[in-house]
Q: 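So that we are looking at the same thing, I have put the structure below in structure tokens.
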Amino acid sequence: ESAARQAEMIAEKVRLALNQPYALAGVEHMHQSTASIGMTLFHGLDDSTDVLLKQADVALYQAKDAGRNRLRFFNPAMQAAIDTRTAMENALRNALSQNELHLYYQPQVDQYGQTIGAEALLRWQRPGIGIVSPAQFIPLAEETGLILPIGAWVVHSACNQLMAWAGDSRTCDLQLAINVSARQFHQADFVAQIAACIARSGINPGRLKLELTESVVLENVEDVISRMQEIKALGVGFSLDDFGTGYSSLSYLKRLPLDQVKIDQSFVRDITVDPNDAAIVRAILAMSQSLGLNVIAEGVETQAQQDFLHANGCTAFQGYLFGKPMPISDWGKRLSTSPLQNEK
């Protein structure tokens, strides 16, 4: 413990020293650097120098992952996490070719309870483990670049599903929303990918909806608007996902060619008991209506939540109150048993 305290004290002095502004010859303004530092403890000669350096390296990357410009000590739990992550990455690389990725569909309904569409949600059925939480593998896919082939597969699968739905009178008018990551959206050929998939499948592009998060649309805004307009010209719609959780600028929001905003479930969850959440939702609905945008609320689990939303102008809903995400094999069963399917 004493050694750890002393090492931490010295490392912090080093970090602060490296944070000091410095001048470069011929440059007027000052520069500043930050440092991440990884450390490990040892006693005697139980571990080789190579092992100790690897441990310190693991701690260094933990410091970077924690936000950079900080200190981290190595411990066995760190190494176990690294090993788990590596194993998951290797398994994820094979998931597409082994048909382990699937789309589950969560229904979206209108104020009459009629199904108007669905959101396609990615699921990974890992052999010997079961369903892996998207919260675990999506960030890993984005970090490693695997999100690109996975994202392309999602677009392809969504178009195929819309093509299948087009041949059924119960589903031919449904919309299908898919999530698009920042890395996927900013690919140079992303618009061409969407256009090719629409042409190949022959679907009505108005039935396809791309969900973008605020982090996507606020990065290089002018380029994003231009690209969105190209995709809109194909007939595809846009929904702004998780609205209200980021730092949207209203000046940008009114320029984006959006069709819909989605109220995040974090606001919906306590909407009937938390005055702040209720006020935020009312503001989102009022603003969206003034901008001519449709609104859908996600995470609706109780009738009281839906009643509040509907009373304040929301006419589209998604959540466990209407159905959990389900494999496509259960979708037809849902339609055939829905008592409100033909009412409007």
Side-chain angles (χ1 to χ4, degrees), residues 1 3-24 29-42 51-90 92-93 122 124 132-148 150-151 179-187 211-221 223-224 240-249 252 264-267 269 276 280:
E1 292 179 4
R5 285 195 300 270
Q6 292 183 47
E8 186 174 16
M9 187 188 315
I10 295 169
E12 181 64 10
K13 289 181 179 179
V14 171
R15 189 187 67 82
L16 291 175
L18 292 174
N19 279 350
Q20 295 300 309
Y22 58 90
L24 294 177
H29 60 275
M30 301 294 285
H31 291 263
Q32 190 171 13
S33 298
T34 60
S36 299
I37 300 177
M39 298 172 283
T40 189
L41 298 174
F42 64 95
V51 169
L52 295 175
L53 288 174
K54 288 178 181 178
Q55 291 176 352
D57 196 45
V58 168
L60 169 64
Y61 280 96
Q62 288 287 328
K64 291 182 176 181
D65 288 343
R68 302 176 181 271
N69 196 31
R70 60 193 66 204
L71 318 174
R72 281 292 185 271
F73 276 100
F74 171 84
N75 61 53
M78 285 184 183
Q79 186 62 59
I82 293 294
D83 292 343
T84 299
R85 180 188 179 283
T86 301
M88 181 176 288
E89 180 182 343
N90 292 335
L92 187 56
R93 290 186 182 279
L122 190 61
W124 180 16
V132 181
S133 168
Q136 286 183 281
F137 74 86
I138 294 295
L140 178 61
E142 291 180 346
E143 182 182 339
T144 58
L146 291 171
I147 196 67
L148 298 182
I150 290 174
N179 294 280
V180 176
S181 73
R183 193 163 184 174
Q184 182 184 5
F185 183 80
H186 289 293
Q187 289 179 96
E211 291 196 0
L212 306 177
T213 61
E214 294 181 15
S215 61
V216 176
V217 300
L218 293 182
E219 181 181 339
N220 301 320
V221 175
D223 290 341
V224 167
L240 186 59
D241 197 12
D242 300 338
F243 184 74
T245 61
Y247 303 94
S248 287
S249 165
Y252 291 143
D264 188 68
Q265 60 183 340
S266 62
F267 300 124
R269 184 180 302 115
N276 292 327
I280 290 171

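The model shown is predicted, which means the values in this text are computed figures rather than measured ones.
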Q: Got a sec, which residues hit side chain to side chain contact (heavy atoms under 4.5 Å, CB included) with Gln265, two or more places apart in sequence or on another chain?
A: Arg269, Glu298

Q: Would you call Val132 and Met88 a side-chain contact if the rule is heavy atoms closer than 4.5 Å?
A: yes

Q: Which atom names give the shortest non-hydrogen contact between Glu211 and Asn179, and what distance separates them?
A: OE1-OD1, 3.3 Å

Q: For residues Asn19 and Gln32, report the shortest heavy-atom separation together with the two atoms involved.
A: O-NE2, 2.7 Å

Q: When rounded to the nearest 0.5 angstrom, what distance separates NZ in Lys54 from CZ in Phe74?
A: 11.5 Å

Q: Between Arg70 (side chain) and Arg68 (backbone), is there a donor-acceptor pair under 3.5 Å?
A: yes

Q: Under the criterion side-chain contact (heavy atoms from CB on, under 4.5 Å), I'd like the reasoning laid out for Lys13 against Arg15: C-alpha separation, chi angles, the key distance, then a yes or no.
A: CA-CA 5 Å; Lys13 289 181 179 179; Arg15 189 187 67 82; over 6 Å; no

Q: Taking all atoms of both residues into account, what is the closest heavy-atom pair of Arg72 and Ala66, and its distance?
A: NH2-CB, 3.3 Å

Q: Could you tell me which non-hydrogen atom of Leu240 sits nearest to which non-hydrogen atom of Glu214, and how far apart they are?
A: CD1-N, 4.0 Å

Q: Looking at OG1 of Thr144 and CZ of Phe137, how far apart are the two atoms once the value is rounded to the nearest 0.5 Å?
A: 11.5 Å

Q: Using side-chain heavy atoms (C-beta onward) and a distance below 4.5 Å, is Val224 in contact with Phe185?
A: yes

Q: Determine whether Leu92 and Gln136 make a side-chain contact, defined as any pair of heavy atoms from C-beta on separated by less than 4.5 Å.
A: no

Q: Measure the spacing between CG of Asp57 and CG of Leu52 and express it to the nearest 0.5 Å.
A: 12.5 Å

Q: Output yes when a side-chain donor or acceptor of Gln187 lies under 3.5 Å from a complementary backbone atom of Gln184, and no otherwise.
A: yes

Q: Please tabulate, one pair per line, all N/O donor-acceptor pairs under 3.5 Å involving side-chain atoms of residues 33-42, not counting sequence neighbours.
A:
| residue | atom | partner | partner atom | Å |
| --- | --- | --- | --- | --- |
| Ser33 | OG | Tyr22 | OH | 2.9 |
| Ser36 | OG | Asn69 | N | 3.2 |
| Thr40 | OG1 | Gln55 | OE1 | 2.8 |

Q: Check Ser181 against Val216 and note the closest heavy-atom contact, atom names and distance.
A: C-CG2, 4.1 Å

Q: What distance do His186 atom NE2 and Asp223 atom CG have between them, rounded to the nearest 0.5 Å?
A: 8.0 Å

Q: Search all heavy atoms of Phe73 against all heavy atoms of Ala4 and return the closest pair with its distance.
A: CZ-O, 3.5 Å

